[in-house]
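In what follows, every chain begins at residue 1, and chains take the letters A, B, ... in the order their sequences are listed. Keep in mind that the numbers below use all heavy atoms, side chains included, and drop hydrogens, waters and symmetry copies.
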Amino acid sequence: MPKIDFEQALNAEQLAAATAPDGPALVLAAAGTGKTRTLVYRVAYLVEQGIDPGRILLLTFTNRAAQEMLERASDLVAGVSGIWGGTFHHLANRLLRRHAPVLGYGNTYTILDRDDSVTLVRRIIQDAKLQGREFPRPAVLLSLLGQATNKEQPLAGAVDGWFSDAAVTAAFGPEDVLKVLTTYTEQKRELDAMDFDDLLLNGLRLLREHDELRERYGEQFQHLLVDEYQDTNSLQAQCVDLLAGVHRNLTVVGDDFQSIYSWRGADYRNIMSFQQRYTDAKIYLLETNYRSVPEVLEVANVCIEGSRNQFPKTLRATREPYKTPTIVRLRDGSEQSFFVMQQVASLRREGYKLSEIAVLYRAHFHAMELQLQLSRDQVPYTITSGVRFFEQAHVKDVCCFLRVLQSDEDVMAFSRLLELLPGIGPKSSQRIWNKLGRKCDIYDLDLRHQIAEMLPAGAKAGWGNMEAAMPSGMSGVRFLGELVDAFVQTFYHDFAVETFENHRNRLDDLQGMSNYMERFESLTDFLGDIALLSNLDAEVEHLQEPGESLRLSTIHQAKGLEWSAVIVLWLVDGMFPSSRSLAESEEGEDEERRLFYVTVTRAKDELILCVPESRRMHDHSVIPCEPSRFITEIPPELVQEHMV
DNA sequence: CCCATCATGGTTTTT
DNA sequence: CCATGATGGG
């Protein structure tokens, strides 16, 4: 492979960052300034300098981002494939798979997704006889626990705080809530299970509490690179600091003004205080924007000015002037949908491909009306829904089958699998589990026979079909995918046809999953990986339709991406900014503003902002809408009004 | 004990 | 309008 010509490929700002000397480095990369490119070249640079790829760690916000960067880097230099790359959760899982026993977990601990956690909490609430209208929902309790965990605050304080905020009636008190959540934590232990937050917390504990592990991995990772550093939370930042403690070769990249995950515990003060924690840190500024036309950047700059608490920055445009962004006043949601259809058609006439256009919005439900319209007019579109690939019922069902093959203690998987059978609900599955001695070695033929005996007549045939798909032992399994194929063939195909309207799509998903599994060495690897897959990650794997389609996305999921034309829906007060985040905290408005900044800076050529004047509520009443404050503060000369 | 049916209450963002 | 929880028949 020829030597890389860095001077040719990068501008001076990027070059300095990509070839930065050893030691801590903070790269402040404003939107569209080639942050990813710089990181890719930084990786290639390190490898070219002779750093062993196995000693480089690249932490990113999604697994896909890591994958893409490493692919691009491997086009530049050989040997990149040995690099450790992925999300924090991914890294934590990888470390814990090896070392969980030092924290009292087994090597085959299971990962609870949101669904599992909610189910567990719901059961605890019921067992404690606390269920009822008044008692907070499992999801609310879990987010409370999550906040406390990610910010490392005591749970009792968080619970008390919630009570003082929520003006709750006296049917129950903080101690009840606390009890439920402590029970939840205990039960996870008994189940040898971790939820997403546990992965992070326990990953950190490995490094914090076990000197030999901290030294070992600190030694191993000679270079650390962290992308989207502005969206790290306290646990993640500490994890980075501990790992970088030995060599101190830490490059963090981010933009404080694109921090949009504070509700998940992200703290942009991590990036703001980087210099204080690493006083010898070198700072690199990337301010030359290659993405957007100057007219779009001017709107972005107005948005920045409205905020405080940030590194001063100016986005310098390099592109030629083009069009002024458009504000469109619309009567209501249906006129908005109609307008978007028109606009997409007109953009296509201008020569844009569908895949170069995106429709962005604050919350998933803002796009419902448009989705209907797109389906009616048969415009192909891709949407990343709120439900993650792994959390869809059919994928979870099959994964539970695999989990039962993998572990004899996974009661959640066992129950779910049995509950697929007719006439079996939570009570029956629990009863059977208990009768089996709260353990189920599925390879024990005698045990399977016992299960069959305990089932009601209507469920026996289905169980027989499930059994037919079970291997006699994992040693005989040549390809992991054949487990899924067999299960689908003997049982799930028929089940899906009876249960799901869209069974064709779902069975296709499972076929895709079976193919995807071939690259894994063990069920444990696969199950850990798929549980941590994000929506966007999964899409690459199972959507794979190269066909042209329009992209619909929440702004959060649009992070890091770009399109030639961007259409933004529902720029009205209460929806964007969302009234909830304004109410929640002082800093709510700031974060909504940053979110608007992220939105604007996704656009390369054209930016179209939709401002409906009224909104139909679920009870069919129509209420008027005020334009979003982010719209009214844009000076009129920077935008053109479009009348419909 | 399971499951279909009805009522009621409430919608942000996600690894 | 959808998802969740309560209710009552099988």
Discussion item. Just the rounded figure in Å: distance from C1' of dT15(B) to CG of Leu532(A).
Written reply: 8 Å
Worksheet item: Among dG5(C), dC1(B), dT13(B), which nucleotide sits nearest the side chain of Arg122(A)?
Response: dG5(C)
Worksheet item: Counting only side-chain N and O atoms of Gln557(A), is one of them less than 4.0 Å from OP1 or OP2 of dT14(B)?
Response: yes
Practice prompt. Report the distance from atom CZ of Arg64(A) to atom P of dT15(B), rounded to the nearest whole Å.
Written response: 12 Å
Item to complete: Go through the steps for Gln238(A) and Glu152(A) under the test side-chain hydrogen bond (donor to acceptor under 3.5 Å, both in side chains), then give the verdict.
Response: CA-CA 11 Å; Gln238(A) 289 181 64; Glu152(A) 289 200 288; 2.5 Å; yes
Discussion item. Tell me the interatomic distance from Leu200(A), atom CG, to dT15(B), atom C1', rounded to whole angstroms.
Written reply: 8 Å
Worksheet item: Thr599(A): what forms a side chain to side chain contact (heavy atoms under 4.5 Å, CB included) with it, not counting sequence neighbours?
Response: Leu360(A), Ile555(A), Val568(A), Phe576(A)
Discussion item. Please report the distance, rounded to the nearest Å, between CZ in Phe596(A) and C1' in dT13(B).
Written reply: 17 Å
Fill in: Residues forming a side chain to side chain contact (heavy atoms under 4.5 Å, CB included) with Asn202(A), sequence neighbours excluded
Leu96(A), Leu103(A), Tyr105(A), Met194(A), Asp198(A), Arg205(A)
Worksheet item: Quick one: side chain to side chain contact (heavy atoms under 4.5 Å, CB included) partners of Ala66(A), sequence neighbours excluded?
Response: Thr60(A)
Worksheet item: Taking only side-chain nitrogens and oxygens of His364(A), does any of them come within less than 4.0 Å of OP1 or OP2 of dT14(B)?
Response: yes
Worksheet item: Rounded to the nearest Å, what distance is computed from the CD atom of residue Glu591(A) to the C1' atom of nucleotide dT13(B)?
Response: 9 Å
Item to complete: Whole angstrom is fine here: how far is it from CZ in Phe196(A) over to P in dT14(B)?
Response: 13 Å
Item to complete: Would you indicate, yes or no, if dT14(B) has its OP1 or OP2 atom less than 4.0 angstrom from a side-chain nitrogen or oxygen of Thr554(A)?
Response: yes
Worksheet entry | Rounded interatomic separation in angstrom, taking NZ from Lys427(A) and P from dC1(B) | 6 Å
Fill in: Residues that Asp573(A) engages under side chain to side chain donor-acceptor pair (under 3.5 Å), provided they are two or more places apart
Arg629(A)
Protein N or O to nucleotides 3-5 of chain B N or O, pairs below 3.5 Å:
residue : atom : partner   : partner atom : Å
dC3(B)  : OP1  : Gly423(A) : N            : 2.6

Worksheet, complete the sentence: Taken in chain and number order and not counting sequence neighbours, the residues that satisfy side chain to side chain contact (heavy atoms under 4.5 Å, CB included) with Lys151(A) are Gln147(A), Gln153(A)
Item to complete: Provide the distance between the two P atoms, one in dT4(C) and one in dT13(B), to the nearest whole Å.
Response: 14 Å
Worksheet item: Start at the 5' end of DNA chain B and walk down; is the nucleotide closest to Ser581(A) or to Ser428(A) reached first?
Response: Ser428(A)
Worksheet item: Parallel, tilted or perpendicular: which fits the ring planes of Phe491(A) and Phe495(A), with parallel below 30° and perpendicular above 60°?
Response: parallel
Worksheet item: Roughly how many Å is it from CG in Asp231(A) to P in dT14(B), rounded to a whole number?
Response: 13 Å
Worksheet item: From dC1(B), dT15(B), dT13(B), pick the nucleotide closest to the side chain of Arg114(A)?
Response: dT15(B)
Response to the item:
Side-chain contact check for Tyr261(A): nearest option of dT14(B), dT15(B), dT13(B) is dT14(B)
Discussion item. What's Phe88(A) touching, base or sugar-phosphate or nothing? Going by heavy atoms closer than 4.0 Å.
Written reply: nothing
Practice prompt. Using the six-membered ring of Trp563(A), assess whether NZ or CZ of Arg602(A) lies under 6.0 Å from its centre and within 45 degrees of the ring axis.
Written response: no
Worksheet item: Does Arg580(A) make a side-chain donor-acceptor contact with the base of dT12(B), cut-off 3.5 Å?
Response: no
